[in-house]
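This report concerns only the one structure given below.
Within every chain, numbering begins at 1; the chains are lettered A, B, ... in the order of the sequence lines, protein sequences first and strands thereafter. Predicted, not measured: the structure shown is a model, and the values here were computed from it.
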Protein chains: 2
Amino acid sequence: MILHGYWRSGAAYRVRIGLALKGLAYSQVNHDLRTGEQAAPDYARLNPQRLIPALEVDGVVLTQSVAILEWLDERFPEPPLMPSDANGRAIVRAMMMAIAADIHPLHNMRILKSLKKDFGQDEAHSNAWVGRWMADGFAALETLIERHGDGFAYGATPTLADCLIVPALYSANRFGVDVTPYPRLVAAGAATAARTTSAHPSRQPDADPA
Amino acid sequence: MILHGYWRSGAAYRVRIGLALKGLAYSQVNHDLRTGEQAAPDYARLNPQRLIPALEVDGVVLTQSVAILEWLDERFPEPPLMPSDANGRAIVRAMMMAIAADIHPLHNMRILKSLKKDFGQDEAHSNAWVGRWMADGFAALETLIERHGDGFAYGATPTLADCLIVPALYSANRFGVDVTPYPRLVAAGAATAARTTSAHPSRQPDADPA
């Protein structure tokens with residue numbers, strides 16, 4: 001398997017966590033989002049959205065981190081990263097979407113660039129705007145984890161939701177968002193991060209020097 | 001089943017299409033997003049995100065349109081709205097996420113309100129900003145449908161991806177986005193819309209008069 005990623009991409013980080021939890025080996029091809037490498041024609045042929053990540057497996061190209069994670073759990077069932085019942089899976093997917101649809105799209109790099117270029121927002125205002133949506137989403141997640149979690153976001157073992165929570169908390173730190181109001185979310189993220197240290201952005205081959 | 005929705009919410013529209021394709025009966029409780037009814041305490045208890053839609057089934061509350069659609073297809077398998085193989089499901093989920101994560105979050109009502117209030121954007125600039133992300137996403141979807149579709153987004157029958165494409169095209173019309181460069185996307189949307197006319201926003205009990 002070849003993961004097309006970028007060390008600091010939250011979406012690529014999700015997939016690296018899923019691969020680490022499954023204990024799967026893979027190689028990496030990295031595309032620097034700062035210089036727009038993901039828009040190169042060769043990559044655009046692989047992924048028409050020209051976004052990170054993509055996973056190449058046996059000549060098939062999978063895109064979109066959430067779709068890749070679901071595929072990983074279907075193809076490599078052990079350890080399971082989804083509950084065994086439909087209602088449980090729906091809760092885990094709702095947690096995933098609370099991040100993938102309602103938080104992350106508002107702070108990925110193309111939007112941060114646009115806030116600056118199109119709306120003239122400096123970094124402080126831009127971070128405050130991002131922080132508002134993050135706080136909204138984290139508060140809802142904290143309630144869901146209180147209802148359904150037990151050390152992890154859903155139950156007592158990691159699920160696909162935790163694969164998204166770790167990068168979301170990493171981003172919160174980058175944007176200076178206070179996460180102390182969300183202790184269960186933070187605990188779930190820490191428990192998952194501790195099991196997947198190899199997936200951390202700073203450990204990737206293309207990472208900036210510390 | 002009780003669908004908590006709003007006639008013009010694209011996310012609620014997705015779920016109505018899924019319910020219509022499955023031939024399932026349901027009742028509606030609608031929350032006017034313009035006046036913030038979804039933030040009322042009773043609804044916030046049901047859905048801590050205070051977003052539309054939610055589906056109440058036998059005392060369980062499901063949230064997030066994509067999670068609800070996956071649940072519907074798991075619990076009511078006929079007609080199937082997902083391919084039978086893992087690679088196919090990954091493609092359909094990638095198509096869903098191209099809309100659910102990379103287009104819709106940038107033009108839902110809370111963001112449109114924020115573009116006006118926080119960044120002082122008038123409707124023309126705001127629509128142009130939304131239109132840019134829509135065009136990016138639609139171009140990628142057109143390529144994916146060319147590769148995988150056959151009248152519908154994936155193959156020759158509707159899938160969960162088509163449940164998202166119809167509302168995305170409805171939004172494109174609202175925002176004045178030219179969709180003529182995406183004939184396969186438009187055809188898939190039209191084919192699905194023709195089978196699910198009861199789900200159209202104008203047909204909902206809370207719709208504004210025409």
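Proximity to chain B is absent for every atom of A/V92, based on heavy atoms less than 4.5 angstrom apart. For A/I68, no part lies under 4.5 angstrom from a heavy atom of chain B. Proximity to chain B (any heavy atom under 4.5 Å) is shown, for A/L141, by neither the backbone nor the side chain. If you measure heavy-atom distances from A/R110 to chain B, the contacts under 4.5 Å come from both the backbone and the side chain. B/V61 touches chain A through its backbone: at least one of N, CA, C or O sits under 4.5 Å from a heavy atom, while the side chain does not. For A/E142, no part lies near chain B; criterion is any non-hydrogen pair under 4.5 Å. Using a 4.5 Å cut-off between heavy atoms, A/T63 contacts chain B through both its backbone and its side chain.
For the pair B/R75/A/N87, a side-chain contact is recorded, criterion being any heavy-atom separation below 4.5 Å from C-beta on. Two residues are said to be in side-chain contact when any heavy atoms from C-beta on lie closer than 4.5 Å; B/W133 and A/P105 fail this criterion.
By the neighbour-count criterion of 12 heavy atoms within 6.0 Å, atom CD of B/E74 is densely surrounded, having more than that number from other residues, nucleotides or ligands. Other residues, nucleotides and ligands place more than 12 heavy atoms under 6.0 Å from the NZ atom of A/K113. Enclosure of atom NE2 in A/H200 by more than 12 non-hydrogen atoms of other residues, nucleotides or ligands within 6.0 angstrom is indicated. Around the CD atom of B/E37, the shell of radius 6.0 Å holds more than 12 heavy atoms that belong to other residues, nucleotides or ligands.
Electrostatic pairing of B/E70 and A/R89 does not count as a salt bridge here, judged by no charged N lying under 4.0 Å from a carboxylate O.
Closest of all the heavy-atom pairs between A/V66 and B/M97 is CG2-CE, 3.8 Å. Across every non-hydrogen atom of A/A100 and B/A101, the tightest pair is O-CB, 3.5 Å. Across every non-hydrogen atom of B/R132 and A/D118, the tightest pair is NH2-OD2, 2.6 Å. The two residues B/R93 and A/R93 make their nearest non-hydrogen contact at NH2-NH2, 3.8 Å. In this structure, B/A67 and A/A94 approach most closely via the heavy-atom pair CB-N, 3.6 Å. Taking both residues in full, the closest heavy atoms of B/W71 and A/A86 are given as CD1-O, 3.6 Å, listed atom of the first, atom of the second, then distance.
Ranked by heavy-atom pairs under 4.5 Å with chain B, the list A/N108, A/I111, A/L62 is led by A/I111.
Of the N and O atoms on the side chains of B/Q64 and A/D102, at least one donor lies less than 3.5 Å from an acceptor on the other residue.
A/T143 contributes atom OG1, which lies 10.0 Å from atom CG of B/N47 (distance to the nearest 0.5 angstrom). In this structure, the separation between CG on A/D136 and CZ on B/R50 is 6.0 Å, given to the nearest 0.5 Å.
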